[in-house]
Q: 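Let me give you the structure first, and then I'll get to my questions.
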Amino acid sequence: MWRRGRERRRRRAGGACVAKANRTGETRGDAAILLALRTSHTVTDLHAHLRSRLLDAIAGLGVERTAAESCVRLEPPKNRDHGDVALPAFQVAKLAGKAPPALAAELASRVTADDVVESATAAGPFVNFRFRRTALARAVLGAIQSGAAPYGKAAPNGQVVCIDFSSPNIAKPFHIGHMRSTTIGNALCRIHRHVGATVHGINHLGDWGMPFAKMMTAYMRWGNEQELHAQPMRYMFELYKRYGREVKENPGLDAEAAKHFQALESGADNVERRMWQLLRDESLKAFQGPYTRLGVTFDHITGESFFEDKMAGAMQRVTASGVLEQSEGASVVWLKELGIKEPCILQKSDGTTLYHTRDLAAAFYRETTFHPTRILYVVGAEQKLHFDQLKGVLTKMKEPIAAAVEHVPFGLVLSKTDDGKWEKFASRSGNAVFLDEILDEAVAKVRGVIREKNPDLLGADQVAEQVGVSAIVFNDLKNSRIKDVKFDWDSMLQFEGETGPYVQYACARLSSILRKAEAPVPAVAAIDLELLADAERVLLTMMDFGTAVQKAAEQSEPSHVTGHTIALAGEIHSYLREHYVVGQEPRIRDARLVLVDAARSLLATGLGLLGITAPDRM
RNA sequence: GCGCCCGUAGCUCAGUUGGAUAGAGCAUCGCUUUUCUAAAGCGGCGGUCCCAGGUUCGAAUCCUGGCGGGCGCGCCA
């Protein structure tokens, strides 16, 4: 990482490759849905109910029910005016041996209105359905108000998910480049917990290996403890940069570092060991700052050093499996039969271990300790080969845990050059932008906006912190993670449109209404649901929440959740424009209070899944 | 050279395992504040979905071949 002036830090970076739905997650089985439906008195899952009705109708046409199951895919119509959900009838028509439009018409007539379904209309080869507005409101608002899944946390789903994220290199500044793994991993932890998984959030700290040895070497040559304690992060960054400069003049430094690493790996209680402890402690303390601000917590902080004494066992296991070979003095595993040309090196010719070895040991450890169904590695896309190799070695060893290993790649953070092109961030002249500085800048800007728009706000500094940090985090989670993040101060500090502050603002407005209503939020059962017929767009958007979260969990893609919060905030903003709450006659006010409260609650839940808090005022 | 990824409006991006007229935000041009926060809402403008073939009743989506950009490729992580 120090060579060629390029910064390569452990487990971060990115590239541009996609892991597009390359894994299948757990989806609720139809049987489970139908069971839930039968055992409850009020219909809370409108889609499941409709699906069941449709399958009955199709069976009535003489089509094999099991065959029909996979063909009944309800989807939102392109144009909302068509209906709430639609069934493209092409596949069912093929099964029934009829022309799609004819079949659509037949299905539309067979799915008669009931408590839930208001109408079924054929439109060419599509059947458009409309739910009764009261059923829609009752199902959605009732579930949100009672905290039922998917709006609230789901019952245990049997999955155990290890999420390896953040994993910064000790002895280096926590800068913008470390943010992506941290925010994405944090969101995935929260999302998986929400859908019922047992989650182990793991910080696989880079506290071992050559990069660390280089820092140690720099510190032993030029460091002093006072300065280290005074400003650990910055001071270590200075040492890091100095090593980078001096190694160009004196290439022998690398050999010195290698020697120190061997001494450290020997396990003896020596000066290297004490140095390691000191630098590790200081770094961890320093990392806590950004972690606290970002709302990040870990269940386990087991860095590479944690696996130091598990390396020999891992190597034995590989050897015993018979896949290990010698090549140019090193111990490697060839993976050509798995389509990977590059061998995976597990032990260098000097006997020391590598990144792969430690990840292998970690996989074994996690297997026996946690029994995970999935192990997610939230690491930049540029390390795809590494994880392909890791999974490859486990596969070749016929280890069942191989199936659980999933790389969750993400794109680079890019900065704009003077001539307007985008390039890899912070690679020039060792100039890193510290994450804290970015957060501070955003918070300061927010503070200014508050001064201007809401000068009397109490606790403005705390709110500014919440809103400023959300702008940065939200921006990071807004798009598909594989996309590069264009780091641009102007757009980063923009709080209008699809941003964190926009969603928070919707929450604040809703909270404000609840405060000023001078009436408590009634129970769903106590209001006249007919009065919410004008809120159908809001309600239909709310109903999409479960799908969004489920997809986010399955595809390791927090942006599905981010997108839903934007959509819901937009709908509620529009609704509020024309529908007042305060000052309305009690029956209308009460009905709208339930809606407003549910919207606020669901927005806060969505933001919470992203690690973002929602202030009541801003 | 080989492998992987990306390419949709001026910019940044959505587009659900192939489905109806390809959607948002920013920018730009208008409009909206005598009631709950204008960090908002409503409307206008803006498209060769990189190109060419193929599969299909139907392709931005799947396949093949190009073009452009990014990332990676034995003892770093």
Side-chain angles (χ1 to χ4, degrees), chain A residues 1-3 8-21 24 73 75-79 82 86 88 90 94 99-100 123-126 128 169 206 208-212 304 327-332 339-350 352 354-356 358 380-386 388 409 411-412 414 422 424 446 449-450 453-454 467 478-480 482-484 486 488 490-491 494-499 501-502 504-506 508-517 547-548 551 559-560 563 566-567 570 573-574 576-578 580-584 596 617-618:
Chain A
M1 88 187 33
W2 302 53
R3 64 189 189 194
R8 292 182 165 199
R9 60 198 77 73
R10 167 170 214 291
R11 298 230 160 157
R12 87 133 269 258
C17 68
V18 144
K20 221 175 197 175
T24 50
R73 290 205 212 108
E75 50 187 55
K78 277 268 161 15
N79 187 334
H82 289 144
F90 302 94
K94 198 171 274 180
F126 294 85
N128 295 315
N169 247 326
W208 205 247
M210 278 303 285
F212 187 82
E304 297 188 290
S327 174
E328 297 167 35
S331 302
V332 309
I340 302 171
K341 287 176 186 157
E342 299 79 6
C344 179
I345 301 174
L346 293 176
Q347 198 164 45
K348 299 200 281 187
S349 41
D350 69 0
T352 54
L354 290 138
Y355 189 35
H356 277 113
R358 289 186 275 280
E382 70 182 15
Q383 292 192 38
K384 183 182 187 302
L385 177 61
H386 168 77
D388 283 351
L412 295 166
L414 304 178
W422 293 103
K424 204 168 166 180
V446 171
V449 175
I450 291 174
K453 300 184 187 263
N454 198 352
V467 176
K478 184 166 64 173
N479 301 139
S480 311
I482 201 64
K483 298 273 185 186
D484 292 338
K486 277 91 175 176
D488 165 46
D490 290 340
S491 65
Q494 154 100 39
F495 309 137
E496 279 144 35
E498 299 171 337
T499 65
Y502 169 83
Q504 288 178 316
Y505 177 65
R509 282 183 68 188
L510 294 164
S511 295
S512 173
I513 292 170
L514 293 172
R515 275 196 304 274
K516 292 178 179 169
T547 311
K551 274 170 62 180
S559 63
H560 291 308
I566 292 170
H573 270 309
S574 296
L576 292 178
R577 199 72 198 163
E578 293 174 1
Y580 290 95
V581 179
V582 178
Q584 300 295 299
V596 163
R617 303 164 201 256
M618 62 186 271

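We use all heavy atoms of the structure for the numbers below, so side chains are in, but hydrogens, waters and symmetry mates are not. Since we're looking at a predicted model, the values are computed, not measured. Chain letters run A, B, ... following the sequence lines, proteins first and then strands; every chain starts at 1.
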Q: Check the side chains of Y355(A) and Q383(A) for a donor-acceptor pair under 3.5 angstrom, ignoring hydrogens and angles.
A: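 Q383(A) vs Y355(A): donor-acceptor pair found between side chains.
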
Q: Distance check, C1' atoms only: C31(B) and C11(B), in whole angstrom units.
A: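 The answer is 25 Å between these two C1' atoms.
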
Q: A506(A) near the nucleic acid: base, sugar-phosphate alone, or nothing, with a heavy-atom cut-off under 4.0 Å?
A: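 It contacts nothing in the nucleic acid.
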
Q: Which part of the nucleic acid does E328(A) contact within heavy-atom distance under 4.0 Å: base, sugar-phosphate only, or nothing?
A: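 Base contact - E328(A) has a heavy atom under 4.0 Å of at least one base atom.
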
Q: Let's see if you can work this out: which of U16(B), A77(B), G74(B) has an atom nearest to the side-chain heavy atoms of N169(A)?
A: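 Closest of the options to the side chain of N169(A): A77(B).
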
Q: Measure the spacing between CZ of F126(A) and NE2 of H82(A) and express it to the nearest 0.5 Å.
A: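 Atom-to-atom, F126(A):CZ and H82(A):NE2 are 9.0 Å apart.
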
Q: Can a side chain N or O of S574(A) be found less than 4.0 Å away from OP1 or OP2 on C42(B)?
A: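 For C42(B), OP1 or OP2 has a side-chain N or O of S574(A) closer than 4.0 Å.
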
Q: Rounded to whole Å, how long is the line connecting atom CZ of F212(A) with atom P of C76(B)?
A: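 Roughly 18 Å, once rounded to whole Å.
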
Q: Under 5.5 Å between ring centres and under 30° between planes: does that hold for F90(A) against the base of G19(B)?
A: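 So yes, this residue stacks on that base, both cut-offs being met.
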
Q: Kindly confirm whether the side-chain ring of Y580(A) is stacked on the base of C36(B), judged by centres under 5.5 Å and planes under 30°.
A: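 Y580(A) ring does not meet the centre or angle cut-off for C36(B); no stack.
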
Q: I340(A) near the nucleic acid: base, sugar-phosphate alone, or nothing, with a heavy-atom cut-off under 4.0 Å?
A: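 Touches nothing.
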
Q: Counting the atoms with a prime plus P, OP1 and OP2 as sugar-phosphate, which does R515(A) contact under 4.0 Å by heavy atoms, base, sugar-phosphate, or nothing?
A: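 No contact.
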
Q: From the set C13(B), C73(B), G74(B), return the single nucleotide nearest to any side-chain atom of S327(A).
A: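 Taking heavy atoms from C-beta onward, the closest nucleotide is G74(B).
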
Q: Indicate yes or no: at least one non-hydrogen side-chain atom of V581(A) is less than 4.5 angstrom from one of V596(A).
A: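 Answer yes - side chains close enough.
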
Q: Where the side chain of E498(A) is defined as all heavy atoms beyond and including C-beta, which of G25(B), A38(B), C73(B) is the nearest nucleotide?
A: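 In terms of side-chain proximity for E498(A), the closest of G25(B), A38(B), C73(B) is G25(B).
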
Q: Go through it in stages, so that I can follow the logic: the residues are L576(A) and I513(A), the test is side-chain contact (heavy atoms from CB on, under 4.5 Å), and I'd like the CA-CA distance, side-chain angles, deciding distance and then a yes or no.
A: CA-CA 10 Å; L576(A) 292 178; I513(A) 292 170; 3.7 Å; yes

Q: Categorize Y502(A) for me: base, sugar-phosphate, or nothing, with a 4.0 angstrom heavy-atom threshold over every strand shown.
A: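 Here Y502(A) touches the backbone only, sparing every base.
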
Q: Which nucleotide, C13(B), G72(B), A20(B), lies nearest any side-chain atom of N479(A)?
A: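 Nearest to the side chain of N479(A) among the choices is C13(B).
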
Q: For V332(A) and M618(A), find the nucleotide of RNA chain B closest to each by heavy atoms; which residue's nucleotide sits nearer the 5' end?
A: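 Of the two residues, M618(A) wins.
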
Q: Taking atom types as they are modelled, would you say the side chain of D490(A) forms a donor-acceptor pair with the base of A27(B) within the 3.5 Å cutoff?
A: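 It does not, because no donor-acceptor pair links the side chain of D490(A) to the base of A27(B) below 3.5 Å.
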
Q: At under 4.0 Å between heavy atoms, what does V581(A) touch on the DNA or RNA strands: base, sugar-phosphate, or nothing?
A: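 V581(A): base contact, heavy atoms under 4.0 Å.
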
Q: For I450(A), answer base if it contacts any base atom (sugar-phosphate contacts may also be present), sugar-phosphate if it contacts only those atoms, and nothing otherwise; contact means non-hydrogen atoms under 4.0 Å.
A: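 Base, at least one base atom sits under 4.0 Å.
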
Q: Is the shortest side-chain heavy-atom distance between W208(A) and R358(A) below 4.5 Å?
A: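 Yes. Closest side-chain heavy atoms under 4.5 Å.
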
Q: Base, sugar-phosphate, or nothing for P76(A), non-hydrogen atoms under 4.0 angstrom?
A: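 It contacts base atoms.
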
Q: How close do I345(A) and H356(A) get, heavy atom to heavy atom, and via which atoms?
A: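 Smallest interatomic distance, heavy atoms only, reads O-CB, 3.8 Å.
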
Q: Among G19(B), C4(B), C13(B), which nucleotide sits nearest the side chain of E75(A)?
A: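 For the E75(A) side chain, the nearest candidate turns out to be G19(B).
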
Q: Does the side chain of R577(A) get closer than 4.0 angstrom to OP1 or OP2 of U33(B) through an N or O atom?
A: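 The answer is no; no side-chain N or O of R577(A) sits under 4.0 Å from OP1 or OP2.
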
Q: So what does T547(A) hit on the nucleic acid, given a heavy-atom distance under 4.0 Å: a base, only sugar-phosphate, or nothing?
A: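 T547(A): no heavy atom of the nucleic acid under 4.0 Å.
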
Q: Indicate whether OP1 or OP2 belonging to A20(B) is found under 4.0 Å from a side-chain N or O atom of K78(A).
A: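 K78(A) to A20(B) OP1/OP2: side-chain N or O found under 4.0 Å.
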
Q: Checking all strands, does P77(A) fall into the base, sugar-phosphate, or nothing category for heavy-atom contacts under 4.0 angstrom?
A: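 Contact class for P77(A): base.
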
Q: For K483(A) and G7(B), is the shortest distance between a side-chain N/O and OP1 or OP2 below 4.0 Å?
A: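 Result: yes.
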
Q: Which nucleotide in the set A40(B), G19(B), A77(B) lies at the smallest distance from any side-chain heavy atom of P88(A)?
A: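 The answer is G19(B), which lies nearest to the side chain.
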
Q: Relative to the 5' end of RNA chain B, which residue comes earlier, F495(A) or R358(A), by the nucleotide with the nearest heavy atom?
A: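 Per heavy-atom nearest nucleotide, the more 5' residue is F495(A).
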
Q: Is H82(A) stacked on the base of A20(B) when the test is centres under 5.5 angstrom and planes under 30 degrees?
A: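 Stacked: ring centres under 5.5 Å, planes under 30°.
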
Q: Can you tell me if the side-chain N/O atoms of K478(A) get under 4.0 Å from OP1 or OP2 in A24(B)?
A: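 K478(A) to A24(B) OP1/OP2: no side-chain N or O under 4.0 Å.
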
Q: Would F212(A) and N169(A) count as a side-chain contact (heavy atoms from CB on, under 4.5 Å) here? Give the steps.
A: CA-CA 8 Å; F212(A) 187 82; N169(A) 247 326; 5.9 Å; no

Q: Contact class for S349(A) (heavy atom, under 4.0 Å): base, sugar-phosphate, or nothing?
A: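 Since a base atom lies under 4.0 Å of S349(A), the category is base.
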
